[in-house]
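A quick note: this is a predicted structure, and the numbers were derived from the prediction, not measured. Heavy atoms only: backbone and side chains are in, while hydrogens, waters and symmetry mates are out.
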Amino acid sequence: MVKIVLPDNTERSFSNPISVLSIAKDISPSLSKSIIAAFVNDEIKDTSYIISQDCSLKLITDKEPIALDIIRHSAAHLLAHAVKCLFPTAQVTIGPVIENGFYYDFSYERPFTPDDLREIEKKMSHLVDMNIEISRKELSRDSAVDYFLSIGEKYKAEIISSIPADQTISLYTQGDFTDLCRGPHVPSTSKLRYFKLTKISGAYWRGDSNNEMLQRIYGTAWFTKNDLDAYLNMLQEAEKRDHRKIGKQLDLFHIQEEAPGMIFWHPNGWTLWQIIEQYIRSMYKKYGYLEVRTPQLLDRVLWEKSGHWEKFQDDIFSLESDKRQYAIKPMNCPCHVQIYKQGITSYRDLPIRLAEFGSCHRNEASGALHGLMRVRGFTQDDGHIFCTEEQIQVEVMNFIDMLFEVYGKFDLLNQGVAVKLSTRPVKRIGTDDVWDKAENSLAEALNTKGLEWSILPGEGAFYGPKIEFEVKDCIGRKWTTGSIQLDFSMPNRLGAEYINVDGEKKTAVMLHRAICGSLERFIGILIEHHMGIFPLWLAPIQVAVLNISEKQSEYANGVFARLNKDGIRVLIDISNEKIGYKIRQTTLKKIPYLLIIGDKETENNLVTVRLRDGKDLGSMSIDDFIRNYL
RNA sequence: GCCGGCGUAGCUCAGCAGGUAGAGCAGCUGACUUGUAAUCAGAAGGUCGAGGGUUCAAUUCCUUUCGCCGGCACCA
């Protein structure tokens, strides 16, 4: 007798061991069609799993998010199966589920081509049509290793070899293809109808650039054709928000061959920059920072002292002049320490918060460059807080407040800001005791602020743990914008000290912090987030004055002058074009307000106001327009 | 840096199984004087990313190199 308890607490009994699928059939035939897997005593199992003992059972149908992961994981196997059919000498490695899809890494004698991708996709569909059953079997670790070696899959064998010997290994087989996998999987390939292979790329074996490069194929999979189409369509739409595209359309900036990874800011883009910089500056004031400015070029000796030369010399631009070696500064921290060190600091002076819009250059790997998001010349909204150990937590909390106030102002909070705590890496300085304290104070600050956060183990800098704030771009790539880092190393190396209550010299604690990260990246994020439709306060041009015909040019010029005098960012178009043409041009530039001026307006001293979304606000005096809308 | 793709007019793109290039928009000139997302016409615009090679002939094929795009690795 097997007794099953369902989620609604009803019970069912069966006289013999029974598969999950059979139970689903017993409950309802239609259910058995949509079932993907099941939780048996809260453990996830295949539909073929045989229940032989009393247990709780929750069926997973294709309505549930977790089932999507199963579909995608099975789709990865389907991909590997198809590749093995078409390219028998390809070796399989790993094929995990990722956000919105899956990938599979293969070792093959040549890179896959876009044509291959189409062939593979076709083969996959073929395997789906064949409705191949997917079955599970378990082996001891060593026999699993032997099995994969026997079929020439050395990568698989290597993966399994690193699993403890006493663990049972599960294998999944579909037709003549067998893969190592924890499972669960869909019962048959026919459940995998709605997939698409999206891209190919290289990827290092085990994520290590010292290893050989494998061929990675990415795909996505969904329950229905509608879901798949919607996703692909969403991606297409998202690409229209690409900051590089909008940057061109709105004439914000450009990059050219002679200065890879460095930005030429055009008048519109630079206006946007200035607005942001001024706003951040006002926040420095509010949160007790002192703004400074430090040199671009510093003797290499300083970077050797700080420890950066040793670690990052390949990425530091340097030059020689008058037999001295200089580095173009890759970061501002050592400079801020130099300012801190002028004179003697008392504990009473702490905390000292120095901030700089610090221009930095790093020779980033060519493949890392990405529009405004990853550049070689950038400006950090950099700040360093020198304080005592006791002050760390309060300072971190104040920073978090400041960051969220800023992100709120830029309307970035509704899309979610991911908060990550990066903890001690393997290679590090400082005792475990100090790391314990440091990590705890960061974690406590996050908890006190009631934030949801996750840990990135081992991702901290060698000199201290950090909190990072991540936002996504238009197609879901994650970028770090803000961060705050504890540093046990630099104050010591560069001699940032203060005199404590007892008149003794102590090394100050240093917090590195940035809210935007780099202004370039932050603006890139803003462009994509707002799709170029900036709120009025950020819009490079706020108002466009358009006349209908030449007769009204003079009045239009007056309106322009009036707004311009008030500090409003205004543009005038009195060109010899139809009003429809002018409206189109200014609307494409996402200018918030269009003022239409014809005879009616000129005679009555009015302007007619149109919003960039097409809405007509009617006619009003210039004063009313300024008072009510700007 | 690594794997793959791409580089043609200011922009968006077409073309080329090898015979030195074409459209739309923008810009220019002219006409039109316009009421809420593209007025009409004309002329002009390119060492086909750069270097080298094969060839009678290269934008097209090969090769080197630079840059961009998608990933990987990196990110003080």
What does [X] touch in the nucleic acid at a heavy-atom separation under 4.0 angstrom: a base, only the sugar-phosphate, or nothing?
X: A:R376; value: nothing
X: A:G307; value: nothing
X: A:K199; value: sugar-phosphate
X: A:L588; value: base
X: A:G598; value: base
X: A:D599; value: base
X: A:R362; value: base
X: A:G371; value: sugar-phosphate
X: A:Q256; value: nothing
X: A:Y218; value: sugar-phosphate
X: A:Y463; value: sugar-phosphate
X: A:D616; value: nothing

Minimum-distance nucleotide (side-chain atoms of [X] versus [options]):
X: A:M331; options: B:A37, B:C72, B:A76; result: B:A76
X: A:E257; options: B:C2, B:G35, B:G67; result: B:G67
X: A:S201; options: B:G67, B:G71, B:C3; result: B:G71
X: A:Y581; options: B:G7, B:C69, B:U39; result: B:U39

With a cut-off of less than 4.0 Å, is there a side-chain N or O of A:H370 near OP1 or OP2 of B:G70?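 True: A:H370 side-chain N/O within range (under 4.0 Å) of B:G70 OP1/OP2.
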Scan every strand shown for a Watson-Crick or G-U wobble partner of [N], both distances under 3.5 Å, and answer none if you come up empty.
N: B:A43; value: none
N: B:C68; value: B:G5
N: B:C16; value: none
N: B:A37; value: none
N: B:U60; value: none
N: B:C25; value: B:G10

Would you call A:E356 and A:K329 a salt bridge, taking side-chain N to carboxylate O under 4.0 Å as the test?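 Judged by the 4.0 Å cut-off on N to carboxylate O distance, A:E356 and A:K329 do form a salt bridge.
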For A:K472, is there an ion pair with A:E99 - N to carboxylate O distance below 4.0 angstrom?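 Yes, A:E99 and A:K472 are salt-bridged.
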Assign the ring pair A:H243 / A:H370 to parallel, tilted or perpendicular, where the plane angle (0 to 90°) is split at 30° and 60°.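 If you compare the ring of A:H243 with that of A:H370, the planes turn out tilted.
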Option passing side-chain contact (heavy atoms from CB on, under 4.5 Å) with A:R353 (candidates A:E395, A:H384, A:R513):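 Only one of A:E395, A:H384, A:R513 forms a side-chain contact (heavy atoms from CB on, under 4.5 Å) with A:R353, namely A:E395.
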Classify the side-chain pair A:N332/A:Q380 by whether it contains a donor and acceptor separated by less than 3.5 Å.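 Judged by distance alone, the side chains do pair up.
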Do A:T602 and A:Q552 pair up side chain to side chain, a donor and an acceptor below 3.5 Å, judged on atom types alone?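 No donor-acceptor contact under 3.5 Å links the two side chains.
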Please lay out, stage by stage, how A:F87 and A:Y108 fare under the test ring-ring contact (aromatic ring centres under 6.0 Å, His included). CA-CA 8 Å; A:F87 311 96; A:Y108 190 52; 5.2 Å; yes
Could a donor-acceptor pair under 3.5 angstrom be found where the side chain of [X] meets the base of [N]?
X: A:Y204; N: B:G71; result: no
X: A:R216; N: B:C3; result: no
X: A:E601; N: B:G35; result: yes
X: A:R206; N: B:C72; result: no

Is A:F312 stacked on the base of B:A76, with ring centres under 5.5 Å apart and planes under 30° apart?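 Here A:F312 meets both the 5.5 Å and the 30° conditions.
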Quick check: on RNA chain B, is the nucleotide nearest A:A365 upstream (toward 5') of the one nearest A:I597, or the reverse? Name the residue that is more 5'.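 Result of the comparison: A:A365.
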Which residue, A:A461 or A:S209, contacts RNA chain B at a nucleotide closer to its 5' end, judged by nearest heavy atom?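 Checking each residue's closest nucleotide, the 5'-ward one belongs to A:S209.
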